[in-house]
Undergrad: 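Have a look at this one before I ask anything.
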Number of protein chains: 2
Amino acid sequence: MVEKRIRNMEEFATVSGISRPTLSKYFHDPGSVRATTRERIESALEQYDYRPNIFAINQNRKLTKTIGILVPYLSDPFFAEMVRLIERLCIDAGYWPVVFSAHGETELENNALATLESLRPAGALIAPLGRSSDFEVVERFTEEVPTVVFDSNLEVGKAFVGNDNVQSIGLIVDYLCRTGEPPCFFEMPPVNPNANRRRDTYVQSMERLGHQPQVVSVRGGDWDFERIGLDEGMRLISERALPSDTILCSNDRLAIGLIAAAYQKGLRVGHGPGCALRIAGHDDHPWAQFSCPPLTTVAQDYRAVAERSVEILFKLIDGEDLGEERQMHYFQGRLVLRASA
Amino acid sequence: MVEKRIRNMEEFATVSGISRPTLSKYFHDPGSVRATTRERIESALEQYDYRPNIFAINQNRKLTKTIGILVPYLSDPFFAEMVRLIERLCIDAGYWPVVFSAHGETELENNALATLESLRPAGALIAPLGRSSDFEVVERFTEEVPTVVFDSNLEVGKAFVGNDNVQSIGLIVDYLCRTGEPPCFFEMPPVNPNANRRRDTYVQSMERLGHQPQVVSVRGGDWDFERIGLDEGMRLISERALPSDTILCSNDRLAIGLIAAAYQKGLRVGHGPGCALRIAGHDDHPWAQFSCPPLTTVAQDYRAVAERSVEILFKLIDGEDLGEERQMHYFQGRLVLRASA
DNA sequence: CACTAAACTTTACACCCGTAAATTTTCTGT
DNA sequence: ACAGAAAATTTACGGGTGTAAAGTTTAGTG
């Protein structure tokens with residue numbers, strides 16, 4: 001590595017003895033220049049530390065290599081895991097993923113979308129806040145940027161990829177009814193369409209099986225799900241307000257909080273003899289297998305959702321026609337039987 | 001909102017009746033133009049949807065408003081939480097945080113640093129991988145970009161902010177020795193300097209108190225800590241290989257896995273009568289309070305670390321002289337007594 | 001109303017790279 | 001060795017904004 005700092009492509013052209021337009025071609029696609037030229041450039045790159053200025057590049061390219069990823073709450077292990085998978089797929093495809101979190105707030109989601117749009121990304125993968133999203137803002141964004149919506153099905157963009165909540169909730173309700181007392185449904189005020197869909201499906205599934213649906217709704221409006229599960233769970237147990245000894249939670253985080261509540265109240269959770277409660281969740285969060293007892297739940301197919309989302313986005317970016325209809329891809333949940341129910 | 005799309009600042013200058021240099025000043029700092037002018041600009045902004053092109057802005061500014069945040073593993077709840085706090089502080093200060101994760105891999109860390117550097121950020125807050133970081137790459141980065149290192153004290157950059165592991169481990173070792181059988185130390189191959197420091201401090205603390213230190217090291221080299229805690233915990237319990245009934249884990253994630261192992265082996269964890277094991281952790285991870293039983297641990301001061309890191313970075317960015325010496329800020333841990341030990 | 005400082009406008013150039021067009025060099029196959 | 005193709009070079013312009021310099025308008029003061 002030589003002392004001299006290269007400040008722009010012009011200088012690098014001088015020291016490498018390659019013309020600037022050829023260098024520009026090379027940096028855009030190394031395969032587009034002759035092998036001998038490529039070797040000369042690359043040996044120069046080893047001597048002089050130079051990288052093209054990203055801002056100047058993107059200013060002129062209609063199509064940047066940026067892909068925006070927006071999630072409602074990055075500290076939620078579900079989204080953390082989805083982002084991890086998606087990022088990897090983007091990187092491996094030569095894109096540059098940029099992650100934004102709405103931190104659960106409408107205003108920050110709008111900000112993130114605005115910032116993202118001004119980055120002129122090739123495309124975006126977004127999981128909207130849902131209920132508290134500013135619909136028109138999100139819609140306008142999707143009209144400007146090729147976008148795949150995942151997880152939370154806000155009716156915008158050209159495609160949606162997510163979990164088939166009707167199938168997955170049906171699966172676990174069937175299981176719970178088949179193996180013990182029919183479940184009640186434990187939920188908090190829904191933050192997105194998934195939560196509503198899950199509750200409605202629970203009700204329908206119970207009715208289909210000839211049982212009386214019983215929904216337990218507790219307060220709490222932020223993203224601190226385990227806390228809500230714990231606090232409200234403690235209260236419900238104290239007040240003996242749970243209408244069934246089998247509790248299906250709207251999601252795993254709530255279930256983990258509820259399991260903690262049961263533990264602290266001295267109630268044994270599980271399906272064996274001597275157990276007072278059965279608790280089941282939904283999602284198969286990364287932490288679900290480490291609760292005590294491990295959580296029976298329905299696994300969302302994280303990898304399938306991530307892969308299909310990215311796949312469709314790449315098609316959109318490549319200008320492939322996906323037809324007039326808005327595409328919807330639902331992946332089936334998979335029953336994960338552990339000790340809690 | 002009017003139909004016509006504004007394509008650049010020139011056009012916006014025409015429609016708003018304000019000259020382009022004044023607009024440029026306004027977008028850089030709204031307070032730098034006269035109130036009447038500001039009002040005219042802002043009323044025009046309501047009519048015409050215009051935002052300056054980020055790429056063109058940053059191409060000319062030596063100092064961008066971008067702040068890079070790099071963590072070793074974004075799905076780790078500790079880092080997810082740190083990123084959440086840091087992002088908020090940056091946004092509130094008018095900066096534009098960009099988050100990168102090394103996904104636990106040296107190569108991706110190097111990539112992220114390279115990408116980040118080419119963004120010409122005003123500054124960066126990085127938690128290096130540590131042991132598997134490419135020291136020279138990280139060092140070179142910190143020479144180019146004002147950087148605050150947090151959590152993992154790689155000896156680079158102008159400042160480090162993190163937890164005082166000597167104090168915090170001393171605290172919990174004291175507590176455990178005072179209230180029951182002296183602890184053994186449960187660790188996996190250290191991924192960063194913190195893990196080493198914690199083990200060494202454990203050994204010293206035990207010797208200081210006149211006890212025989214006993215370190216249980218298990219294999220496992222990735223970031224799947226709970227899994228390691230569970231699998232190796234099951235093995236150790238089966239083989240009766242734990243040298244003490246009190247186990248201090250290198251971090252909370254390991255402890256949560258170990259608690260799950262104890263539960264699955266039918267061992268009661270806690271400090272009451274009838275308990276077979278005491279298990280303690282370190283960090284006060286967001287999930288520590290929801291384990292069964294809730295985890296006794298030492299809380300890192302997340303907020304203090306985030307705030308001090310950002311504060312120092314802003315000073316660095318403002319060109320304040322922090323002196324020749326590399327600054328090191330250690331925050332004290334706080335004992336969090338719950339039911340597990 | 002005159003004076004002054006602050007704020008604004010006009011003009012012009014810079015930043016770094018993409019890219020098109022015309023020209024020259026190099027490679028490929030016979 | 002030679003024609004034709006492929007690839008490189010030279011030249012030139014454009015993109016959207018920052019910013020400096022010089023000139024003009026505005027606001028504030030007495």
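Letters A, B, ... mirror the listed sequences (proteins, then strands); counts begin at 1.
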Undergrad: Compare the minimum distances between each of dC16(C), dA7(C), dT17(D) and the side chain of R120(B), then state the nucleotide with the smallest one.
TA: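 Nearest nucleotide to the side chain: dC16(C).
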Undergrad: Taking ring-ring contact (aromatic ring centres under 6.0 Å, His included) as the test, write out the residues that go with Y330(B), two or more places apart.
TA: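 Residues passing ring-ring contact (aromatic ring centres under 6.0 Å, His included) with Y330(B): F160(B).
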Undergrad: With a 3.5 Å cut-off and heavy atoms only, can you find an N or O donor on one side and an acceptor on the other between the side chain of R20(B) and the base of dG18(D)?
TA: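 Indeed there is one.
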Undergrad: What is the ring orientation for F55(A) with F55(B), classed by angle as parallel under 30°, tilted 30 to 60°, or perpendicular over 60°?
TA: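 F55(A) vs F55(B) ring planes: tilted.
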Undergrad: Assign the ring pair W96(A) / F100(B) to parallel, tilted or perpendicular, where the plane angle (0 to 90°) is split at 30° and 60°.
TA: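 Rings of W96(A) and F100(B): parallel, under 30°.
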Undergrad: Who passes salt bridge (charged side-chain N to carboxylate O under 4.0 Å, His left out) against R34(A), sequence neighbours left out?
TA: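 Listed in chain order: nothing, the list is empty.
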Undergrad: Is the distance from OP1 or OP2 of dT10(C) to the nearest side-chain N or O of S19(B) less than 4.0 Å?
TA: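 No, outside the criterion.
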Undergrad: Under 4.0 Å between any heavy atoms, over every strand shown, what does Y26(A) touch: base, sugar-phosphate, or nothing? Just pick one.
TA: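 Result for Y26(A) = nothing.
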Undergrad: Please report, rounded to the nearest Å, how far the P atom of dA14(C) is from the CD atom of E10(A).
TA: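 E10(A) atom CD is separated from dA14(C) atom P by 14 Å.
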Undergrad: Heavy-atom nearest nucleotide on DNA chain C for K25(A) versus G17(B): which residue maps closer to 5'?
TA: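 The residue closer to the strand's 5' end, by nearest nucleotide, is G17(B).
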Undergrad: Mind calculating the distance between CE (M9(A)) and C1' (dC15(C)) to the nearest angstrom?
TA: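 Those two atoms, CE and C1', are 14 Å apart.
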Undergrad: Do the side-chain N or O atoms of T22(A) get closer than 4.0 angstrom to the phosphate oxygens (OP1, OP2) of dA8(D)?
TA: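 Result: no.
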Undergrad: Using a cut-off of 4.0 Å on non-hydrogen atoms, how would the nucleic acid contact of F12(B) be classed: base, sugar-phosphate, or nothing?
TA: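 Since no nucleic acid heavy atom lies under 4.0 Å of F12(B), the category is nothing.
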Undergrad: Would you confirm whether the ring centroid of F314(A) sits within less than 6.0 angstrom of the ring centroid of Y95(A)?
TA: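 Yes, ring centres under 6.0 Å apart.
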Undergrad: Quick one: E11(B) CD to dG15(D) P, roughly how many Å, whole number?
TA: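 The answer, rounded to whole Å, is 11 Å.
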Undergrad: Measuring to OP1 and OP2 of dC16(C), would you say a side-chain N or O of Y50(A) lies under 4.0 angstrom away?
TA: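 For Y50(A), the contact criterion (side-chain N or O under 4.0 Å from OP1 or OP2 of dC16(C)) is not met.
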Undergrad: L23(A) has an atom CG; how far is it from atom P of dT10(D), in whole Å?
TA: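 Taking atom P of dT10(D) as the reference, CG of L23(A) is at 12 Å.
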Undergrad: Between the base of dC16(C) and the side chain of Q59(B), is there a donor-acceptor distance below 3.5 Å?
TA: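 Flag set: donor-acceptor pair detected.
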Undergrad: What is the distance, to the nearest angstrom, from the CG atom on N58(A) to the C1' atom on dG18(C)?
TA: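 Spelled out: CG on N58(A) to C1' on dG18(C) is 11 Å.
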Undergrad: Under 3.5 Å, sequence neighbours excluded: what are the donor-acceptor pairs made by side chains of residues 302-310 of chain B?
TA:
residue: Y302(B); atom: OH; partner: D284(B); partner atom: O; Å: 3.3
residue: R308(B); atom: NH1; partner: H329(B); partner atom: ND1; Å: 2.7
residue: S309(B); atom: OG; partner: V305(B); partner atom: O; Å: 2.6

Undergrad: Given the rule in the side chain to side chain donor-acceptor pair (under 3.5 Å) test, do E109(A) and S133(A) qualify, once you have shown the distances and angles that lead to the verdict?
TA: CA-CA 7 Å; E109(A) 181 170 270; S133(A) 281; 2.6 Å; yes
Undergrad: Output the rounded distance in Å from CD (E39(A)) to C1' (dA8(D)).
TA: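 Between C1' of dA8(D) and CD of E39(A): 16 Å.
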Undergrad: Quick one, give me the B/S/- string for nucleotides 20-30 of chain C, reading 5' to 3', where B means a protein heavy atom under 4.0 Å from the base and S means that only happens at the primed atoms, P, OP1 or OP2.
TA: B------S---
Undergrad: Roughly, in whole Å, what's the span from CD1 in I54(A) to P in dG16(D)?
TA: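 Rounded to whole Å, this separation is 20 Å.
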Undergrad: Just how far, in rounded Å, is C1' of dG18(C) from CZ of F55(B)?
TA: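 Going from F55(B) (CZ) to dG18(C) (C1'), I get 14 Å.
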Undergrad: Of the nucleotides dC17(C), dT17(D), dA8(D), which one has an atom closest to the side chain of N53(A)?
TA: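 Of the candidates, dC17(C) comes closest.
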Undergrad: List for me each residue that meets ring-ring contact (aromatic ring centres under 6.0 Å, His included) alongside F27(B), sequence neighbours excluded, and say none if there are none.
TA: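 F27(B): ring-ring contact (aromatic ring centres under 6.0 Å, His included) contacts with Y50(B).
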Undergrad: How bent is the helix from dC1(C)-dG30(D) to dT30(C)-dA1(D), comparing axes over its five end pairs at each side, to the nearest 10°?
TA: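 Nearest ten degrees gives 10° for this helix.
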Undergrad: Restricting to non-hydrogen atoms, name the atom on G157(B) and the atom on T142(B) that form the minimum distance, rounded to 0.1 Å.
TA: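 Shortest heavy-atom separation between G157(B) and T142(B) comes out as N-OG1, 3.5 Å.
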Undergrad: With a 4.0 Å cutoff (strictly under), does any side-chain N or O of N8(B) reach OP1 or OP2 of dG16(D)?
TA: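 Checking N8(B) against dG16(D): at least one side-chain N or O falls below 4.0 Å of OP1 or OP2.
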Undergrad: Salt-bridged, R140(A) to E117(A), with N to O below 4.0 Å?
TA: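 Yes, charged N to carboxylate O under 4.0 Å.
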Undergrad: Name the closest nucleotide to the A56(B) side chain, picking from dC17(C), dG16(D), dT19(D).
TA: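 The listed nucleotide nearest to A56(B)'s side chain is dG16(D).
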Undergrad: So which one's nearest nucleotide on DNA chain C is more toward 5', S24(A) or I18(B)?
TA: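 Upstream on the strand: I18(B).
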Undergrad: Salt bridge between E11(B) and R20(B), side-chain N to carboxylate O under 4.0 Å?
TA: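 No, this pair does not count.
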Undergrad: Between dC8(C) and T37(B), is there an OP1 or OP2 to side-chain N/O distance shorter than 4.0 Å?
TA: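 Yes, within the criterion.
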